[in-house]
2 protein chains.
Amino acid sequence: MNNTAEKKTDNKITKARKGNLQQILSAAEDIFAKNGYKGTTVSSIANAVGLPKANVLYYFKSKEKLYQEVMNQLLSLWMQHMNEITADSHPKDALPKYIKNKIKQSQNHPNASRIFAAEVLHGAHFLRTSLQQELKDQFQQTCQVFQAWIDKKWIDPIHPEHLLFMLWSSTQAYADHGLQISILMDKEELTETDFEHGITAVTQVILKGCGVKT
Amino acid sequence: MNNTAEKKTDNKITKARKGNLQQILSAAEDIFAKNGYKGTTVSSIANAVGLPKANVLYYFKSKEKLYQEVMNQLLSLWMQHMNEITADSHPKDALPKYIKNKIKQSQNHPNASRIFAAEVLHGAHFLRTSLQQELKDQFQQTCQVFQAWIDKKWIDPIHPEHLLFMLWSSTQAYADHGLQISILMDKEELTETDFEHGITAVTQVILKGCGVKT
DNA sequence: GTCTATATGTCGATAGAC
DNA sequence: GTCTATCGACATATAGAC
């Protein structure tokens, strides 16, 4: 968000800058998601927005900085649905809502999930700090909610951590394994209906599997 | 003495070759799994087995060929548990067994799962053919078994494809997201007990969630 | 078969004209 | 701020001595 010397709220230059900045970030997001960090070249990003690569490296000092910036933009998006599972919510409402939102996000914004999945696969080099802070807080908080539900006998006793892993993996699969799924189902792309069926199936199994009284 | 062609069952040279071949493949598996295809250098593999990189490229003509070979070795391992779900098996036996085997595989052989996860994330460039053939056959066969179970009222009506995706993602997560999980659970590595708890939780939710009579 | 040295190409990053 | 030209590092792959 900041650069060499950006202090005043001047907006003649800022407008052009912001336009380019956002275009670059958007293209970078797509290409990083598709090819991974090492598999992405700065010039391919530059080509995608019709600029010479020196220009891209002028805005963001390095490839690594650009990558970090992309991840920062995506992190909040990636985590936003978890805090809908609150202590006072009831599993029969909160769980279906979470599953639906998370799968819809896999449908509409697969880049976030894919970039983080690749990060995690390869050691979370650039993401470790965030994982250890924001995400861990959210994680522990959500586990406590699950434990509270168990204590109130709203759901069966299930190891809260593993229940949450199950929720994550089975909803994120629609982004991370989307290509695999579409190949196996013999179609170019998953349709709206496929995602709806996914939501139905996951919700059905999780709700009944947790013993939620409906 | 001999040349590139290898026809006879001579085993003075063959033994050395096989030893090196297997060592290289094994090291390549680890490094590809950790760093991805683009993130892996031939010389890092060569270093891991104490050979000059020219030697590695002598055995396998190119980095890409070596990668393909590694994937071929892992493919059967990756798929081997799916054909335990057969038409005459009962879900109350077959599902727990599958879940247990798949999570144990994530524990003992995470490389296979990780390499394929990265492949799939980045477009399955090298894996497309296999996905479209062997894996798709297995996939469709297993879906038919699920449908048969539904028809016999052994499990609730659930879209078979999505049930299978759920099984895959929630068991593979223990390899693909293993690092993330261990960070969130505040430990260097997942313990035997963690995997046991994972097996318990997933089995419990899936069995009850599918309405399997026990 | 094995290893050293090198050819060839690509990428990230910078220098410097405009 | 923007672009062209180029540098330097490193990666794959090969040539050729042993």
Side-chain angles (χ1 to χ4, degrees), chain A residues 1-25 27-28 31-32 34-71 122 125-126, chain B residues 1-25 27-28 31-32 34-71 122 125-126:
Chain A
M1 201 76 85
N2 61 6
N3 253 292
T4 46
E6 185 86 20
K7 313 226 157 146
K8 13 193 165 183
T9 48
D10 184 303
N11 61 359
K12 269 233 291 291
I13 306 125
T14 308
K15 203 155 78 179
R17 279 184 62 93
K18 278 209 171 165
N20 278 345
L21 280 172
Q22 199 49 53
Q23 271 194 310
I24 293 169
L25 280 168
I31 299 178
F32 278 129
K34 183 167 183 178
N35 303 325
Y37 179 72
K38 292 271 192 180
T40 297
T41 64
V42 175
S43 62
S44 74
I45 296 172
N47 283 338
V49 292
L51 291 173
K53 69 177 171 182
N55 203 322
V56 172
L57 287 167
Y58 168 76
Y59 286 117
F60 305 86
K61 291 297 291 177
S62 69
K63 176 186 176 182
E64 185 175 328
K65 288 257 186 8
L66 172 55
Y67 184 66
Q68 299 258 26
E69 206 58 51
V70 168
M71 288 209 301
H122 299 138
H125 187 60
F126 297 103
Chain B
M1 251 227 218
N2 58 12
N3 40 25
T4 45
E6 185 87 21
K7 314 226 156 145
K8 9 190 167 187
T9 49
D10 183 306
N11 63 359
K12 270 235 289 293
I13 305 118
T14 308
K15 203 155 76 179
R17 275 186 66 92
K18 280 210 171 168
N20 278 345
L21 280 171
Q22 201 47 53
Q23 269 195 312
I24 293 169
L25 281 168
I31 299 177
F32 278 129
K34 182 166 185 179
N35 303 326
Y37 179 73
K38 291 271 191 180
T40 296
T41 65
V42 175
S43 62
S44 74
I45 297 171
N47 282 338
V49 291
L51 291 172
K53 66 180 170 183
N55 203 323
V56 172
L57 287 167
Y58 167 76
Y59 287 117
F60 305 87
K61 292 296 292 175
S62 69
K63 176 185 175 183
E64 186 175 327
K65 287 256 185 10
L66 172 55
Y67 185 65
Q68 300 257 26
E69 206 58 50
V70 168
M71 288 210 300
H122 300 140
H125 186 61
F126 297 103

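Labels below follow one simple rule: chain letters A, B, ... track the order of the sequence lines, proteins then strands, and each chain is numbered from 1.
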query: When the distance from CD1 of A:Ile45 to P of C:dA13 is rounded to whole Å, what number comes out?
result: 11 Å
field: Separation of C:dG1 P from B:Phe60 CZ (nearest whole Å)
entry: 13 Å
message: Generate the contact string for nucleotides 4-18 of chain D. Rules: B means base contact, S means sugar-phosphate contact only, - means no protein heavy atom under 4.0 Å.
response: B------SBBB----
- prompt: Atom CG of B:Leu57 and atom CD1 of B:Ile45: how far apart are they, to the nearest 0.5 Å?
  reply: 9.0 Å
- prompt: What is the distance from CG of A:Asn35 to P of C:dC11, rounded to the nearest Å?
  reply: 12 Å
statement: Rounded to the nearest 0.5 Å, the NE2 atom of A:His125 sits from the CD atom of A:Glu64 at a distance of 6.0 Å
- request: List the steps, then state whether side-chain contact (heavy atoms from CB on, under 4.5 Å) holds for A:Lys63 with A:Tyr37.
  value: CA-CA 9 Å; A:Lys63 176 186 176 182; A:Tyr37 179 72; 3.9 Å; yes
query: Is the B:Phe32 ring parallel, tilted or perpendicular to the B:Tyr67 ring (thresholds 30°, 60°)?
result: perpendicular
query: Can you check the B:Tyr59 OH to C:dG1 P distance for me, whole Å?
result: 7 Å
Straight-line distance of B:Asn55 CG to B:Phe60 CZ, nearest 0.5 Å: 10.5 Å
task: To the nearest 0.5 Å, tell me how far A:Asn35 CG sits from A:Thr41 OG1.
output: 8.5 Å
